[in-house]
Amino acid sequence: MLDAAVARWRALIGDEHVWTDDERLRATGTATFATKQRVLAVIRPANREQVQACVKVAHELRVPLHPTSRGRNWGYGSRVPHRDAVVLDLARLDRIVDFDERMSYVTVEPGVTFRQLATFLRSTGARVFASVTGGTGGGSVIANALERGDGTGPLGDRFGYICALEVVLPDGDVIHTGFARFGDAPIAPLARWGVGPYLDGLFSQSTFGVVTRATIWLAPYPARFVLALFSGPELPPLVDELRKLKLAGVTTATTPVWNDIKALSFYFGQYPWSDTDITPLPADMREMMREGVGLGRWNGTVSLYGASSAHGDALRDLVQDALAPIADVRFREGPDDPLEADEELCAPNLGVPHDFSAATTYWRKTNPIPADLDPDRDRCGFIWLSHAVPFDGAHAYVVDEIVEREFSSAGFEPNLALLGVTERALSAVAAIVYDRDVDGEDERAMKCHDRVHSLLVERGYPPFRRGVQTPAPVGEPRYAQLVDDIARVIDPHGVFGTRG
């Protein structure tokens, strides 16, 4: 059936947009860790109508599909499908469909990247900006939101600020969610829930359909931006004070807390191979490196968005009062005009994409970090563990203890960030970083991933996001059964499969 499907896809979208050669299939099937799933072919439609036509062929001939947007899902599987499948590459759907500065939203297709959107907004002189991810600026705005990725700035809960999805279902039909199902209703891009059952969640972290358009809400530039940078020796009090600041509304932005390894990877980029060939990083060198650049055991930022200069001063004073007793606190003033933000520390919090986080995937590589980042191509080893944790110092301490112990004993630097995306929950993201060109590292890294994942789940911290490397979470059997029941109705032939 695959050969028949390929022939029909070639007729629909052109030979040059249907890939079956070994070299491109191998590249598409390469991630930042070892995978076994096979890419059977790659198809690259140009618009929603072509997506529909391609999906209908797959539905008719029972050919499994795996949609990707830009394939920059590094650390979670990149473009690799969760089973042997044809990759449905949506990168050519890259239009910015609608923009309204006054109501602060933009409607985009899945191929639109964070960098493309930021460039567009700045080119119009708009006084609004999009939350950007900590990953590459070349990632898809829609895909990151659908995967419930976190962002910087006041709209960091990225799936929480998306609505009006256009979705191609597994049989090729199209639906629109929320108020968008009422055609040109002016309320469609402005209200999330619609009326009746809320279906948007069915298409987040799932394989129930292909999102070909979505509205993303934007944030207005502040009259004054101030960035607080802090470093301190103890994690629990920092976490507890940050929670209080978030709950009180002092900051609406994601509040990241990085351990020293995470911060050092930002600062230095790569492992200090010129000073040592011992891994993981020895404790004395770890301490020397962080003290040499003025980092603490724990480091982070608080972004403050003032509606006026006086408001900015008040927010700054509140952060100073909360954190100064337990941490070293420094403040960085944002630019007078946020449209001119290009300073590395402030810019991401004002909607400017960056690649300095993505560059840390090269931490254990011995060759220099290239200008054109491609950790899949360059055999960087990088695996995420992403777990949900109460926004509470005692819980954060437990997570840190597990990551420190298990990563170090497995031979990896314990790279940990605790992200206060919302007021009551932390996103704990730990990265296993290594060099895939070193024999045996893939196996050791995955063994470490599996052990830490199991330990965190046992302690009551399930994953909030998972890649092809992470087992499906086990919870209520009836919940899993309901997901399967929905999948059988929406996708009876298993075109997209179930990814519960």
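If you read the sequence from its start, that first residue is 1, and numbering goes on from there.
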Pairing residues for Phe464 by the ring-ring contact (aromatic ring centres under 6.0 Å, His included) criterion, not counting sequence neighbours:
none

Any side-chain heavy atom of Thr136 within less than 4.5 Å of one from Leu373?
no

Heavy-atom pair of closest approach, residues Asp89 and Ser69:
OD1-O, 3.8 Å

Main chain of His59, side chain of His493: is a donor-acceptor contact present, judged purely on distance under 3.5 Å?
no

Tell me every residue that passes ring-ring contact (aromatic ring centres under 6.0 Å, His included) with Phe120, counting only those two or more places apart in sequence or in another chain.
Phe99

Stepwise side-chain contact (heavy atoms from CB on, under 4.5 Å) check, Asp485 with Val483
CA-CA 5 Å; Asp485 291 344; Val483 172; over 6 Å; no

For Val433 against Trp363, the heavy-atom pair lying closest together
CG1-CB, 3.6 Å

Evaluate side-chain contact (heavy atoms from CB on, under 4.5 Å) for Leu2 paired with Val86, printing each intermediate quantity in order.
CA-CA 9 Å; Leu2 178 62; Val86 172; 3.7 Å; yes

Spell out, as yes or no, whether a donor-acceptor pair under 3.5 Å connects the side chain of Ser204 to the backbone of Gly201.
no

Distance-only donor-acceptor hits, side chain of residues 247-256, under 3.5 Å, sequence neighbours excluded:
| unit_1 | atom_1 | unit_2 | atom_2 | d |
| --- | --- | --- | --- | --- |
| Thr251 | OG1 | Ala253 | N | 3.2 |
| Thr251 | OG1 | Ser303 | O | 2.6 |
| Thr254 | OG1 | Gly151 | O | 2.8 |

Aromatic ring pairing Phe129/Tyr221, orientation class (parallel under 30°, perpendicular over 60°, tilted between):
parallel

With a 3.5 Å distance limit and no angle check, can you tell me whether Lys365 reaches the backbone of Asp378 through a side-chain donor-acceptor pair?
yes

For the residue pair His82 and Val468, what are the closest heavy atoms and their distance?
CA-CG1, 4.0 Å

At what distance, to the nearest 0.5 angstrom, does CZ of Phe208 lie from CG of Leu199?
11.5 Å

Look only at the side chain of Asp84 and the backbone of Arg38, and say whether a donor-acceptor pair between them is shorter than 3.5 Å.
yes

For residues Asn349 and Tyr305, is any side-chain donor paired with an opposing acceptor at under 3.5 Å?
no

Please round to the nearest 0.5 Å and tell me the distance separating atom NE2 of His387 and atom OH of Tyr461.
11.5 Å

Could you verify whether a donor N or O on one side chain and an acceptor N or O on the other, from Tyr105 and Asp98, lie under 3.5 Å apart?
yes

Return yes when atom CG of Asp3 has more than 12 non-hydrogen atoms of other residues, nucleotides or ligands closer than 6.0 Å, and no otherwise.
no

Arg127/Asp337 ion pair, N-O < 4.0 Å:
yes

Report yes or no: does Ser357 contribute a side-chain atom to a donor-acceptor pair with the main-chain N or O of Gly135 at less than 3.5 Å?
no

For Ser386, give me all partners under side chain to side chain donor-acceptor pair (under 3.5 Å), at least two apart in sequence or on another chain.
Tyr76

Going by ring pair (Phe, Tyr, Trp, His ring centres under 6.0 Å), name the pairs with one or both residues in residues 150-192, residues two or more places apart or in two chains.
none

What I'd like to find out is whether the side chain of Val302 reaches to under 4.5 Å of the side chain of Leu242, using heavy atoms alone.
yes

Residues which pass side chain to side chain donor-acceptor pair (under 3.5 Å) with His17, listed by chain and number, not counting sequence neighbours:
Arg92

Set of residues satisfying side chain to side chain donor-acceptor pair (under 3.5 Å) with respect to Glu60, sequence neighbours excluded
Arg8

Minimal heavy-atom distance between Thr35 and Gln37, with the atoms involved, is CB-OE1, 3.5 Å

If only atom types and distance count, is the side chain of Thr32 paired as donor or acceptor with the main-chain N or O of Phe382 below 3.5 Å?
yes

Working for side-chain contact (heavy atoms from CB on, under 4.5 Å), residues Phe33 and Gln469
CA-CA 9 Å; Phe33 49 83; Gln469 78 278 16; 3.3 Å; yes

Residues in ring-ring contact (aromatic ring centres under 6.0 Å, His included) with Tyr362, at least two apart?
none

Examine the side chains of Ser78 and Arg72 and answer whether a donor and an acceptor come within less than 3.5 Å of each other.
no

Given side chain to side chain donor-acceptor pair (under 3.5 Å), test Thr177 with Asp200 step by step and report yes or no.
CA-CA 6 Å; Thr177 68; Asp200 297 51; 3.0 Å; yes

For Arg115, side chain to side chain donor-acceptor pair (under 3.5 Å) partners two or more places apart:
Asp355

Please enumerate all residues that pass ring-ring contact (aromatic ring centres under 6.0 Å, His included) together with His311, with sequence neighbours excluded.
none

Quick one: which residue pairs count as a salt bridge (charged side-chain N to carboxylate O under 4.0 Å, His left out) with a foot in residues 150-168, not counting sequence neighbours?
Arg48-Glu166

Scanning both residues in full, the closest heavy-atom pair of Arg83 with Phe496 reads NH2-C, 3.2 Å

Gln50 side, atom CD; Leu88 side, atom CG - distance, nearest 0.5 Å:
11.0 Å

Considering all heavy atoms of both residues, which atom of Cys163 and which atom of Pro189 are nearest to each other, and what is their separation?
SG-O, 3.6 Å

Looking at Gly467, is its backbone amide N or carbonyl O close enough to the side chain of Trp384 to form a donor-acceptor pair, meaning the two atoms are under 3.5 Å apart?
no

Side chains of Arg148 and Gln205: is there a donor and an acceptor less than 3.5 Å apart?
yes

From Leu218 CG over to Ser104 OG, what is the distance, rounded to the nearest 0.5 angstrom?
4.5 Å

So does Ile142 get a backbone contact from the side chain of Glu109, meaning a donor-acceptor N/O pair under 3.5 Å?
no

Quick check against the 3.5 Å criterion: does Thr68 have a side-chain atom that pairs as donor or acceptor with the backbone of Gly71?
no

Would you indicate whether Asp372, at its atom CG, is surrounded by more than 12 heavy atoms from other residues, nucleotides or ligands within a distance under 6.0 Å?
yes

Does any non-hydrogen side-chain atom of Val429 lie less than 4.5 Å from one of Leu385?
no

Distance-only donor-acceptor check, side chains His449 and Thr470, under 3.5 Å:
yes

Taking CD in Glu23 as the centre, count heavy atoms belonging to other residues, nucleotides or ligands within less than 6.0 Å. Is the count above 12?
no

Determine whether Arg243 and Glu423 make a side-chain contact, defined as any pair of heavy atoms from C-beta on separated by less than 4.5 Å.
no

If you measure from the Lys or Arg side-chain nitrogens to the Asp or Glu carboxylate oxygens, is any gap between Arg424 and Asp392 under 4.0 Å?
no

The criterion is side-chain contact (heavy atoms from CB on, under 4.5 Å); which residues satisfy it with Thr133, sequence neighbours excluded?
Phe114, Asn144

What distance do Ile432 atom CD1 and Ile383 atom CD1 have between them, rounded to the nearest 0.5 Å?
5.0 Å

Is there a donor-acceptor contact under 3.5 Å from the side chain of Arg10 to the main chain of Val18?
yes

Distance in Å, Lys262 NZ paired with Leu418 CG, rounded so as to fall on 0.5 Å steps:
11.0 Å

